Participant: 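Just dropping this structure here.
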Amino acid sequence: MMGSRGVNVLLTRGNGIKQKLQSAFEASVLEIEDVSYQHAGHPGVKGDANETHFNVKIVSSKFEGQSLVKRHRMVYDLLSEELQSGLHALSIVAKTPKEVGGS
């Protein structure tokens with residue numbers, strides 16, 4: 001499928017999330033796992049909707065000095081557009097490089 005600029009429209013929601021997070025947080029570790037298949041048929045998941053539930057692991061120095069709640073809020077705020085357009089849930093692990101043994 002071709003987009004309006006002649007670019008293949010194969011950008012999945014997961015890839016879009018990964019690009020946004022990487023760009024904003026300059027992550028040293030970024031893992032995005034689509035676990036939507038585990039939630040098929042749950043309330044709030046419409047029909048055969050896919051890419052609705054993700055596990056996110058992100059390591060970024062931008063989390064230094066931020067509480068766990070604040071880190072999660074930073075991620076949710078960045079992905080607010082996705083959350084309004086079909087992304088149903090995120091499971092987030094947000095750490096600093098020091099917390100995972102980095103320098």
Side-chain angles (χ1 to χ4, degrees):
M1 185 180 256
M2 299 295 275
S4 60
R5 291 177 281 164
V7 177
N8 280 335
V9 182
L10 295 175
L11 182 65
T12 64
R13 174 171 281 145
N15 287 336
I17 289 170
K18 189 167 192 170
Q19 286 181 0
K20 276 189 173 183
L21 292 173
Q22 183 63 50
S23 176
F25 293 108
E26 300 167 3
S28 56
V29 174
L30 180 57
E31 298 171 9
I32 310 289
E33 180 185 12
D34 184 351
V35 293
S36 304
Y37 67 93
Q38 297 174 351
H39 302 275
H42 286 195
V45 178
K46 302 199 175 24
D48 61 353
N50 56 7
E51 293 195 292
T52 57
H53 293 69
F54 288 89
N55 291 342
V56 175
K57 178 180 179 184
I58 183 168
V59 178
S60 171
S61 59
K62 300 215 177 199
F63 295 138
E64 293 283 351
Q66 304 294 337
S67 70
L68 186 59
V69 171
K70 176 66 173 167
R71 295 174 191 189
H72 284 210
R73 178 55 49 208
M74 291 164 71
V75 172
Y76 279 115
D77 286 350
L78 182 70
L79 300 178
S80 63
E81 187 176 305
E82 285 80 3
L83 286 160
Q84 292 171 10
S85 65
L87 176 59
H88 187 67
L90 293 171
S91 172
I92 303 168
V93 175
K95 297 185 180 265
T96 67
K98 289 179 186 172
E99 291 170 337
V100 293
S103 52

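Basis for what follows: all heavy atoms, side chains included, without hydrogens, waters or symmetry-related copies. Everything numeric in this text was worked out from a predicted model, so none of it was measured.
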Participant: Can you tell me if Ser36 uses its side chain to pair, donor with acceptor, with the backbone of His53 under 3.5 Å?
Facilitator: yes

Participant: Kindly indicate whether the side chain of Thr12, heavy atoms from C-beta on, has any atom under 4.5 Å from the side chain of Asp34.
Facilitator: no

Participant: With sequence neighbours left out, what residues match Lys20 under side-chain hydrogen bond (donor to acceptor under 3.5 Å, both in side chains)?
Facilitator: Glu82

Participant: Within the structure provided, determine whether Leu79 and Val56 are in side-chain contact (heavy-atom separation under 4.5 Å).
Facilitator: no

Participant: I would like to know whether Ile92 and Arg71 meet side chain to side chain contact (heavy atoms under 4.5 Å, CB included); could you show each step before the answer?
Facilitator: CA-CA 9 Å; Ile92 303 168; Arg71 295 174 191 189; over 6 Å; no

Participant: Output side-chain donor-acceptor pairs under 3.5 Å for residues 59-66, partner residues at least two apart or in another chain, one line each.
Facilitator:
residue : atom : partner : partner atom : Å
Ser60   : OG   : Phe25   : O            : 2.6
Ser60   : OG   : Lys62   : N            : 3.0

Participant: Ignoring hydrogens, what is the shortest heavy-atom contact between Leu68 and Ala94? Give both atom names and the distance.
Facilitator: CD1-O, 4.4 Å

Participant: When rounded to the nearest 0.5 angstrom, what distance separates NE2 in His88 from CG in Leu83?
Facilitator: 10.5 Å

Participant: According to side-chain contact (heavy atoms from CB on, under 4.5 Å), who are the partners of Ser23, at least two apart in sequence or on a separate chain?
Facilitator: none

Participant: Using the side-chain hydrogen bond (donor to acceptor under 3.5 Å, both in side chains) criterion, which residues pair with Glu33? Sequence neighbours excluded.
Facilitator: Asn55

Participant: With hydrophobic residues grouped by side-chain heavy-atom distances under 4.5 Å, do Val93 and Leu90 end up in a single group?
Facilitator: no

Participant: Closest heavy-atom contact between Lys18 and Ile32?
Facilitator: CB-CG1, 3.9 Å

Participant: Measure the CG-CG distance between Leu21 and Leu78 for me, rounded to the nearest 0.5 Å.
Facilitator: 5.5 Å

Participant: Going from NZ on Lys95 to OG on Ser28, what distance comes out if it is rounded to the nearest 0.5 angstrom?
Facilitator: 12.5 Å

Participant: Quick one: closest heavy-atom pair of Gly86 and Thr52, and the distance?
Facilitator: O-CG2, 3.6 Å

Participant: Search all heavy atoms of Leu30 against all heavy atoms of Ala27 and return the closest pair with its distance.
Facilitator: CB-CB, 4.0 Å

Participant: Val29 and Val100: same hydrophobic cluster, using ILVMFWY side-chain contacts below 4.5 Å?
Facilitator: yes

Participant: Kindly compute the distance separating CG (Leu87) from CZ (Phe54), expressed to the nearest 0.5 Å.
Facilitator: 6.5 Å

